[in-house]
Amino acid sequence: MLKATRTSLKNLSREDLLKTTRRLLAEADALSTRISAVNEIGIAMNRTLDLKQIQRVIAKQAKWLLDFQHCSVCLKHDGEWQIATLFGEEQPQIDNLLETENVGSSIKSMHPQLVYDGSSSPFLSGFQSQIIIPLTAENESLGTINFATQEPRQYTQDDMRIGYMLSLQLSSAILNANILKELRSTQQELSLRVEELDAYAHTIAHDLKSPLANIILAGELFELKYSRQLPDDANNRLSSITSSAQQMNTMIEQLLWLAKLRNPEDAITSVETVAVAEAAFARFTQRLEEKKIKTSVASDLPVVMGHPQWIEEVFANFISNAIKYMGDDNPDPQIHIKWRMHEDKVCLEIADTGVGIKDEDKEHLFEMFTRLHTVKAEGVGLGLSIVQRIISKLDGTIGVESTYGEGSTFWFALNQGTT
Amino acid sequence: MEKQHAIVIDDDVQLANSFQMILNLCGFDVEVVNDSRLAVDKIREIQPTLITLDLQMPHVTGLDILQAIRADETIANTKVIMLTASSYISQDESIFDLADLVLSKPASVKQIQDFAVRLTT
């Protein structure tokens, strides 16, 4: 086409040449205005993820692009194809839209249609000129956008191209809106499931705890009343029953803890870590005394962002492990809680003089956090998975430094709180 | 000295029996109530010094009973140990204001004995 223009230009007078140049410039100008209008509409559409709002944007702005007496979109609602009129008189609803010659065949073929002189479709029956453009995303038909005017032969291929550009923007906006809608409903369903699960966990815990309390109390009472009359072996077996029941109780408590960690009502606040660390030590008073373990909490531990009960649980888990791996004949058993800055976070350290961790075990130590259920370390149970969940909920990090035979320092780093 | 009275209110028959034995060992004269609907009448009748009360029971909950106790001035001063399934289950915070002590299950024999004696002497 350009070549033809160039050849014919040779034969034109200067005046005609000027006229042609002006006309071409005006056409280019008009086209560029329309293209920038498409962009404007695209930006406006992508500002929202609400389908109704997207349609309002088109109804208001598409007049910049094309002349039309009717503008509509055909989209799927609850599995049915339906027309939403955006501009012009409401069209009567058509029962079998998918079988229509204009909209139906564009949906099926995913090809645009330019109608010059009316179509046999009952949809847009009074309109001679029509542009029907499919809306597609990821090779799937989302529907069509339709422009129409009553006069015949009003639209050109250029008009269809402009409509096509608009359809690309509209398709992605519809796709995003649909994804958001799906996401919201999935989210709603998920939070319902979580609520159900929590209720279930509570029921289970309550139902499991009563028989467990029975075992523990009956065992202890039995021991209290009859232990003197029993041989040592029987007494040992009896303690093993009650201590297993206690262990199971701890695990149920920890399962409940895990369920509780989901609770968004537990707001994150500034936590005074000195008091929390001391409370965690207090839980083990008896065991610490029995093993003659020296303890200390640095008096200047900083304030961190968290939840007092959660952080106490983290300290308690690390202290419990430190006691467990202190070593039976340790000449100088100690556990100290200290701190340092780690990048912009407060790093709280639980340092012990226990048996330490072998280098080859260190690598796997943190794997244990993620696949605890396969690890049968005595007493570890759910403890470490609780620690991991708490720290990740608080946007923190966790780690360990250890020399085998000299002791370990477990640490967790949290955001600094405000005093 | 006359024995002090205690009432154990728990729908779990075996658990209630264990509590009865534990409190007996501390020197209490103990009545057991398994049907929570009968609890308040029994308390009014016996006027115990101490009650151990399960929170989650069918028909009438431990909290309902506790509120009834505190609202009736003839029994309002009774010492109440409330037993809950777990401290990690969210529950009505008012139990902490109304009960003299809240223990989560399973409390040990020693714990129950210590607290029972401490509350009533």
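Given the structure is predicted, the values throughout are model-derived calculations rather than measurements. We name chains A, B, ... by the order of the sequence lines, and we start the count at 1 in each one. Atoms considered below: every heavy atom in the structure, side chains included; atoms not considered: hydrogens, waters and symmetry mates.
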More than 12 heavy atoms of other groups within 6.0 Å of B:Asp97 CG = yes
task = Inspect the surroundings of CZ in A:Arg287 and state if more than 12 heavy atoms from other residues, nucleotides or ligands are less than 6.0 Å away.
result = yes
remark   = Okay, B:Leu25 and chain A: the region with an atom under 4.5 Å from a heavy atom over there is side chain
Between CG on residue A:Asn214 and CG on residue B:Asp12, distance to nearest 0.5 Å = 4.5 Å
Among the listed options B:Leu15, B:Leu83, B:Ile22, the residue most often paired with chain A at heavy-atom distances under 4.5 Å = B:Leu15
inquiry  = side chain to side chain contact (heavy atoms under 4.5 Å, CB included), that's the test. Do B:Ile112 and A:Leu217 meet it? Break it down for me.
reply    = CA-CA 10 Å; B:Ile112 299 164; A:Leu217 284 184; 4.0 Å; yes
Toward chain B, the part of A:Leu208 with a non-hydrogen atom under 4.5 Å = neither
Contact check, side chains of B:Pro106 and A:Asn249, non-hydrogen atoms, under 4.5 Å = yes
key: Heavy atoms from other residues, nucleotides or ligands near CD of A:Gln246 exceed 12 (cutoff 6.0 Å)   = yes
query = B:Lys110 versus A:Glu220: any side-chain heavy-atom pair under 4.5 Å?
reply = no
request  = Count the heavy atoms belonging to other residues, nucleotides or ligands that lie under 6.0 Å from CD of A:Glu290, then report whether that count exceeds 12.
outcome  = yes
inquiry  = So does B:Lys105 get a backbone contact from the side chain of A:Lys209, meaning a donor-acceptor N/O pair under 3.5 Å?
reply    = yes
note = Output for pair (B:Asn24 CG, A:Leu221 CG), nearest 0.5 Å, gives 10.0 Å
query = Contact part of A:Ile216 toward chain B, heavy-atom cut-off under 4.5 Å: side chain, backbone, both or neither?
reply = side chain
request  = Drop me the distance from B:Ser18's OG to A:Ile215's CD1, to the nearest 0.5 angstrom.
outcome  = 11.0 Å
